[in-house]
Amino acid sequence: MSPTAANSVSVPSRRYDLHTHSLCSDGTLAPADLVARAHAAGVEVLALTDHDVTDGLAEARVAAECLGMTLVAGVEISVSWHGQTLHIVGLNIDVADASLQQGLARLREFRQWRAEEIGRRLAKKRIEGAYAGARRLAKGTIVSRTHFARFLTEQGFVRSPQHAFKQFLSSGKPGHVPGQWATLEEAVRWVRVGGGQAVIAHPARYKLSSGKLQRLLGEFRECGGEAIEVISGSHAPEANRHFAGLAKEQNFFASAGSDYHGPEKTWMDLGKLPALPEGCIPVWRDWEVKNTFKPQICADERRFVMGAG
Ligand code: AMP
Ligand code: MN
Ligand code: MN
Ligand code: MN
């Protein structure tokens with residue numbers, strides 16, 4: 001359902017971060033440690049949105065319950081759209097849904113082949129052992145370009161992961177392999193099938209012309225997409241304002257997420273997100289936020305979460 005301005009007010013002033021990663025994809029913290037850190041930073045509602053995988057959600061949920069915070073089941077789905085890679089964040093997904101899990105499994109299969117292919121392409125540039133190196137640095141099931149970037153930095157081929165993307169891993173560079181990800185329609189369908197909401201992640205990062213952006217918003221809405229990530233840790237403040245304006249004009253819900261990947265702070269730290277601009281209708285407006293605090297059940301898990309004992 002599209003938001004309407006009439007009921008845009010009286011949004012609870014909780015602190016939301018609806019886009020984060022754990023080591024189940026290309027973040028560096030275990031899900032429980034991510035949750036503990038978000039809690040310490042004042043986040044009250046956190047979505048874990050790993051790339052193409054939901055493995056971290058069970059651990060994150062236990063950790064969140066122990067700390068009395070709300071964990072939103074999320075995922076960041078890789079999409080190929082007119083030759084370009086886009087990311088669709090799913091919020092409140094049904095992790096048990098077979099179509100979602102089969103879809104994500106297909107994307108992970110492509111990811112695995114792509115990782116090996118990146119390794120072969122880098123070998124042609126006299127960089128040996130890149131696949132094995134990236135696989136070693138990946139702590140979960142998926143291998144991402146981020147792991148290659150860390151490998152290239154560790155081995156001294158580049159100064160930083162950002163340089164690894166610039167020189168080797170971005171589109172048109174020697175280690176780049178074009179994506180064969182989900183269609184936009186598939187990604188939105190997998191999110192919505194269990195009652196979830198689909199969000200266009202960090203829209204400013206795609207650098208779309210205004211015509212192409214309008215086309216994306218139109219197709220996204222037609223598929224059932226409802227929200228735009230207006231506030232992103234990887235956006236400049238002007239981009240936040242620009243996409244807030246678009247969301248308001250075109251009646252999309254607005255989401256906010258740091259895209260946190262770990263204390264190395266590639267994008268933004270936890271708990272630092274600015275508020276949604278005036279007039280935006282938060283994607284969480286109709287969510288029922290439950291108090292999930294169950295201290296008696298969690299006594300043991302709390303020790304586990306805090307890493308003590
Ligand atoms: P993949 O899904 O394996 O293609 O990897 C995409 C991930 O690489 C993104 O989610 C970011 O975490 C990371 N990434 C993409 N571009 C850059 C960049 N220029 N600098 C640092 N990290 C990047
Ligand atoms: Mn990432
Ligand atoms: Mn992304
Ligand atoms: Mn992300």
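We number each residue from 1, following the sequence as shown. Computed from a predicted structure; not experimentally measured. Whatever order the structure lists ligands and atoms in, that order sets their numbers, starting from 1.
Counting Ile, Leu, Val, Met, Phe, Trp and Tyr side chains that sit under 4.5 Å apart, directly or through other members, I142 shares a hydrophobic cluster with V53.
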side-chain hydrogen bond (donor to acceptor under 3.5 Å, both in side chains) between W81 and E219, intermediate numbers included: CA-CA 10 Å; W81 184 76; E219 286 185 28; 2.8 Å; yes

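Counting only protein atoms, the N, O or S atoms lying less than 2.8 Å from the Mn ion (ligand 3) are E76 OE2, H87 ND1, H202 NE2, ordered by chain and residue number.
In summary, H261 places an N/O/S atom under 2.8 Å from the Mn ion (ligand 2), meeting the contact criterion.
One finds a salt bridge joining R205 and D259 here, because a Lys/Arg side-chain nitrogen approaches an Asp/Glu carboxylate oxygen to under 4.0 Å.
Remark: aromatic rings of H51 and H87 are close, center separation under 6.0 Å.
R189 pairs by the side chain to side chain contact (heavy atoms under 4.5 Å, CB included) definition with E185, E186, not counting sequence neighbours.
Listed by first and then second residue, the salt bridge (charged side-chain N to carboxylate O under 4.0 Å, His left out) pairs that reach into residues 118-135 are E117-R120, E117-R121, sequence neighbours excluded.
Cation-pi geometry between R145 and F165 is not met at under 6.0 angstrom from the ring centre and within 45 degrees of the axis.
D26 contributes OD2 as its N, O or S atom closest to the Mn ion (ligand 2).
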